[in-house]
Student: 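Pasting in a structure now, in structure tokens, and then I'll have a few things to ask.
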Amino acid sequence: MDDFTKNYIDARRKVIAKNFPRLNAKQKEAVMATEGPLLILAGAGSGKTTVLINRIANLMKYGRASDSNELPPDANGEKLDVMRRYLAGDESLKREAEEAAALDPVAPWQILAITFTNKAAGELKDRLNAMLGETAEDIWAKTFHSACVRILRKEAPLLGYPDSFTIYDEADRIAVIKRILKDENMDEKVYPPRWAANCFDQARNRLQTPAMFARAAEKSGDFRMQGAAKLYEAYAKRLMEAGAMDFDDLLYNTVRILREFPEARERYQRKFKYVLIDEYQDTNNLQYMMATLLAGGHQNICVVGDDDQSIYAFRGATIENILSFEDQYDHARVIRLEQNYRSTAHILDAANAVVANNKGRKGKKLWTDAGDGDRITLYIAKNEDDEAQYVVRQVLQAVDRGDNLRDHAVLYRLNAQSRALEQAFLRHGIRPRIVKGNPFFERAEIKDLMAYFFVLLNPADDLRLSRIINVPARGIGNTTVERARGIAEENGLPLFTVISMAEAFPELAKSAGKLKPFVEMMNGLSSTAHNEGLEALYDALLEKTGYAAMLESARTDEAANKLENVRELKNFIVTHVRESGDDTLAGFLDEVSLYTDLQAVDLDENTVTLMTIHSAKGLEFPTVFVVGMEEGVFPSLQAIGESEQMEEERRLAYVAITRAKKRLFLTSARQRMVFGQTAPHRVSRFVDEIPPEHIDRPYSDLKTSAWFDFDDVPEEDAGWSAPAPKRAAPPAPAVRDWQKTRKKTIAPPAPKAAAPAASFHVGDRVEHSAFHAGTIVKMTPMGGDHLVEIQFDAAGLKRLMLKAAARYIKKI
DNA sequence: ATCATAACGCTTTTT
DNA sequence: GCGTTATGAT
């Protein structure tokens with residue numbers, strides 16, 4: 001390389017770097033490494049969104065200049081001179097210097113930036129807009145699923161789907177499975193719909209068609225899998241016939257198109273010169289394939305993630321994707337962002353120490369220059385009410401000192417834990433914000449109206465049609481619908497087609513008089529949908545279907561409330577039209593189908609936030625309480641003894657701890673009611689994994705927690721790292737509670753008396769009502785109950801709590 | 001059809 | 001313990 005080239009490249013890099021004065025060295029490196037595969041390991045609070053945005057800005061302004069030894073064709077000494085003078089401080093040359101630095105600026109539509117949540121995608125878009133202006137609109141900043149929808153709206157016909165396919169949510173697909181079970185005379189106990197749905201997801205994650213799945217099931221000899229195969233085939237068929245895809249279908253079908261249709265694949269590969277994937281640790285196999293395929297042309301793939309924050313393995317995410325990135329791309333660069341801008345040192349050190357106990361990780365250590373800060377407070381409560389009271393007390397004290405309620409978050413492992421906390425806050429006049437699923441679109445009245453919209457766009461959607469065909473009541477009863485369904489099935493026609501020509505079928509002759517007006521009404525609304533805007537359609541829908549009239553005439557509080565929700569839907573529609581500029585039914589339904597978290601509406605309200613640790617990922621609060629730090633709660637019972645799951649729980653602990661900016665409280669209850677049963681609990685191992693110098697215990701607790709140190713109890717089983725107390729001996733007073741519980745649970749007074757533990761032993765053959773024959777392989781006493789592990793002949797190993805399971809099990 | 005009672009089952013859940 | 005769902009009775 002000649003001197004001129006070297007100097008030019010050097011000056012160019014400096015000019016570009018001047019755009020990012022506030023980034024640290026690693027962040028800058030990540031922003032400027034534009035070419036080829038790049039893995040950014042971004043620890044919690046390390047500013048990764050900032051890096052993503054600046055990286056995109058760099059691409060659009062300077063192309064590959066910051067990461068290339070190539071000079072633009074018009075490079076000359078004059079341009080080099082301009083850059084040098086600009087770097088020396090001549091701001092008037094800014095524009096010229098920046099122009100000289102650029103090398104093939106990237107067009108916005110050549111950039112694909114994928115996130116997981118709508119919220120993250122929206123934030124990315126907003127910040128890109130703010131930085132780059134209108135041109136940012138053309139960047140594909142989307143969630144995986146919305147990117148898929150965009151691709152599939154165009155390409156789905158390649159697979160035989162209509163391009164107007166609809167999207168089934170979780171509830172829809174469960175309804176379909178239940179329907180199939182009924183039609184096929186299969187038992188919901190043997191094939192729980194959620195279990196089946198999970199099987200389908202796993203199959204598609206492995207790119208298994210129903211036929212392939214059936215073959216594998218046949219080979220395994222597992223009868224439940226064979227049943228699942230039958231269900232999978234029926235499920236795929238029904239969705240295809242209804243022109244519907246579920247969430248995983250969106251990914252699966254996109255991947256199929258990219259794999260099976262080279263012409264389409266190459267088109268997208270050419271289009272996307274740069275691919276960026278956020279939260280890469282949470283990608284499943286389909287998402288991994290999609291990313292790999294889309295970036296397969298230019299190979300400019302940048303993945304950002306934190307292996308320590310992978311907490312969705314249970315949904316098919318595989319940490320392997322991030323761990324093996326360097327094997328997949330052998331010339332991949334790796335940049336670690338370890339400087340944390342969120343928390344103080346005690347908190348970070350605790351998080352580092354906990355997660356260091358995991359084996360399957362890249363290894364990373366967060367650090368900060370923000371100082372030690374406060375130590376972590378550990379409080380051991382008597383029970384969940386005491387725990388909740390403690391939290392409320394701490395919050396109130398902080399508020400007295402001038403903190404805001406909104407600076408506080410309480411995090412828990414299980415949604416069920418929110419109750420005691422909510423009550424405690426309410427008793428003190430604080431109405432906490434409890435983050436959970438989106439209640440609005442779950443409401444029956446909203447689902448009804450949405451079902452109408454879906455059917456208008458896609459009359460083949462039998463599922464949604466069945467929902468609304470007699471709502472409001474219009475004399476089309478179950479018998480009629482079942483009969484029409486039978487005809488539809490026989491003739492391979494959509495339900496709507498059958499009822500449209502009811503006169504043609506003698507079985508429907510009697511109902512034709514009721515069906516005809518319904519069909520005509522729907523056809524009328526359909527032309528409204530085609531000819532008028534969404535708002536007009538909404539009004540027509542409420543009137544013509546009689547839905548508004550039904551609610552207005554009911555005159556109950558409930559109906560009034562529903563009416564209010566229905567009006568709220570109109571607000572939602574109007575807002576959607578205004579903000580997206582899209583007045584089509586199809587556009588609205590796409591948005592609603594993928595927008596499952598409309599939670600963040602009144603986030604400005606000044607109150608405490610309660611949520612699961614999972615929901616807290618990506619958020620931060622000055623003060624964080626993590627409650628329920630107990631063995632069996634966090635880590636959860638089912639993770640104990642399962643090392644993979646335990647590592648995921650530990651990552652969850654890492655996520656929880658790193659949410660805190662300044663103050664972190666951990667609480668643990670000595671006994672807690674779980675599923676209606678009070679049981680003694682010991683402090684979570686994750687607390688023990690924090691070096692003591694980071695923790696303060698309130699004085700009052702020191703004397704009471706001692707009896708729970710079971711370190712001297714011999715483990716009865718090597719695979720069982722957390723033995724529950726099984727011998728009598730702990731000193732009073734806690735003992736008394738424990739013995740009371742024990743007596744009550746071992747010999748329950750309830751009429752439905754469970755078989756006492758004494759009647760079951762390791763090695764016994766048992767018959768279970770759903771899992772059939774099996775052998776008890778392990779029994780572990782736990783909080784007055786027993787955890788029984790049974791190796792079923794057909795259903796595999798199950799772990800059951802004896803008390804709960806006793807009524808299904810008998811000895812054989 | 002609509003309500004009442006029984007029965008179940010139960011991590012986490014970005015889309 | 002409790003919310004959801006299935007079933008059966010009026």
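Just so it is clear, the values below take in all heavy atoms, side chains as well, and ignore hydrogens, waters and symmetry mates. Naming: A, B, ... by sequence-line order, numbering from 1 per chain.
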Student: Taking the chi torsion of B:dT12, is it syn (within 90° of 0) or anti (everything else)?
Tutor: anti
Student: What's the verdict on side-chain contact (heavy atoms from CB on, under 4.5 Å) for A:Phe247 and A:Leu594, showing C-alpha distance, side-chain angles and the deciding distance?
Tutor: CA-CA 8 Å; A:Phe247 288 140; A:Leu594 295 178; 4.0 Å; yes
Student: Separation of A:His614 atom NE2 from B:dT13 atom P, in whole Å?
Tutor: 7 Å
Student: Look at the side chain of A:Arg315 against the base of B:dT15 and say whether a donor-acceptor pair falls under 3.5 Å; ignore hydrogens and angles.
Tutor: yes
Student: For A:Phe144, answer base if it contacts any base atom (sugar-phosphate contacts may also be present), sugar-phosphate if it contacts only those atoms, and nothing otherwise; contact means non-hydrogen atoms under 4.0 Å.
Tutor: nothing
Student: Any cation-pi pair here, A:Arg179 with A:Tyr235, using under 6.0 Å and within 45°?
Tutor: no
Student: What is the separation between atom CE on A:Met673 and atom P on B:dC10, rounded to the nearest whole Å?
Tutor: 19 Å
Student: Could you state the atom-to-atom distance from CD of A:Gln309 to P of B:dT14 in whole Å?
Tutor: 17 Å
Student: Using a 4.0 Å heavy-atom cut-off across all strands, classify A:Thr612 as base, sugar-phosphate, or nothing.
Tutor: sugar-phosphate
Student: Nearest to the A:Gln638 side chain among B:dT14, C:dA6, B:dT11, which nucleotide is it?
Tutor: B:dT11
Student: Does A:Glu649 reach a base, just sugar-phosphate, or nothing at all? Heavy atoms under 4.0 Å.
Tutor: base
Student: Report the residue (A:Glu648 or A:Asn478) whose heavy-atom-nearest nucleotide on DNA chain B is the more 5′ of the two.
Tutor: A:Asn478
Student: Using a cut-off of strictly less than 4.0 Å, decide whether A:Lys178 has a side-chain nitrogen or oxygen near OP1 or OP2 of C:dA6.
Tutor: yes
Student: Using the C1' atom as the point on both nucleotides, what is the distance between B:dT12 and C:dT5, in whole Å?
Tutor: 23 Å
Student: Contact class for A:Asn415 (heavy atom, under 4.0 Å): base, sugar-phosphate, or nothing?
Tutor: sugar-phosphate
Student: Looking at B:dT15, B:dG9, B:dT11, which one has an atom nearest to any side-chain atom of A:Thr117?
Tutor: B:dT15
Student: Counting the atoms with a prime plus P, OP1 and OP2 as sugar-phosphate, which does A:Lys142 contact under 4.0 Å by heavy atoms, base, sugar-phosphate, or nothing?
Tutor: nothing
Student: Measure CE/A:Met611 against P/B:dT13 and give the value in whole Å, please.
Tutor: 11 Å
Student: Output all residues satisfying ring-ring contact (aromatic ring centres under 6.0 Å, His included) with A:Phe686, sequence neighbours left out; order by chain, then residue number.
Tutor: A:Phe634
Student: Round to a whole Å and report the spacing from CZ of A:Arg194 to P of B:dT12.
Tutor: 11 Å
Student: Tell me, please, which residues at least two apart from A:Ala197 pass side chain to side chain contact (heavy atoms under 4.5 Å, CB included).
Tutor: A:Arg173, A:Ile174, A:Ile177
Student: Looking only at the side chain of A:Phe116 (C-beta and beyond, no hydrogens), which of the listed nucleotides B:dT11, B:dT14, B:dT15 gets closest?
Tutor: B:dT14
Student: Side chains of A:Gln671 and A:Thr678: any donor to acceptor distance under 3.5 Å?
Tutor: no
Student: Please report, rounded to the nearest Å, how far the P atom of B:dA7 is from the CD atom of A:Glu188.
Tutor: 17 Å
Student: Of the candidate nucleotides B:dT11, B:dT14, C:dC2, which contains the atom at the shortest distance from the side chain of A:Arg419?
Tutor: C:dC2
Student: Which nucleotide, B:dT11, B:dT14, B:dG9, lies nearest any side-chain atom of A:Leu414?
Tutor: B:dT11
Student: Expressed in angstrom and rounded to an integer, what is the separation of A:Trp195 atom CH2 from B:dT13 atom P?
Tutor: 23 Å
Student: Heavy atoms under 4.0 Å, any strand shown: does A:Gln287 hit a base, just sugar-phosphate, or nothing?
Tutor: nothing
Student: What nucleotide, of B:dT12, B:dT14, C:dG1, holds the atom closest to the side chain of A:Arg413?
Tutor: B:dT12
Student: Hey, is A:Asp246 close enough to A:Arg204 for a salt bridge, meaning N to O under 4.0 Å?
Tutor: yes
Student: Assign A:Ser615 to base, sugar-phosphate, or nothing according to its heavy-atom contacts below 4.0 angstrom with the strands shown.
Tutor: sugar-phosphate
Student: Do A:Asn284 and A:Tyr312 meet the criterion of a side-chain donor-acceptor pair at a distance under 3.5 Å?
Tutor: no
Student: Taking CD1 from A:Ile174 and P from C:dT5, how many angstroms apart are they, rounded to a whole number?
Tutor: 11 Å
Student: Does the ring of A:Tyr312 lie flat against the base of B:dT13, closer than 5.5 Å centre to centre with planes under 30°?
Tutor: no
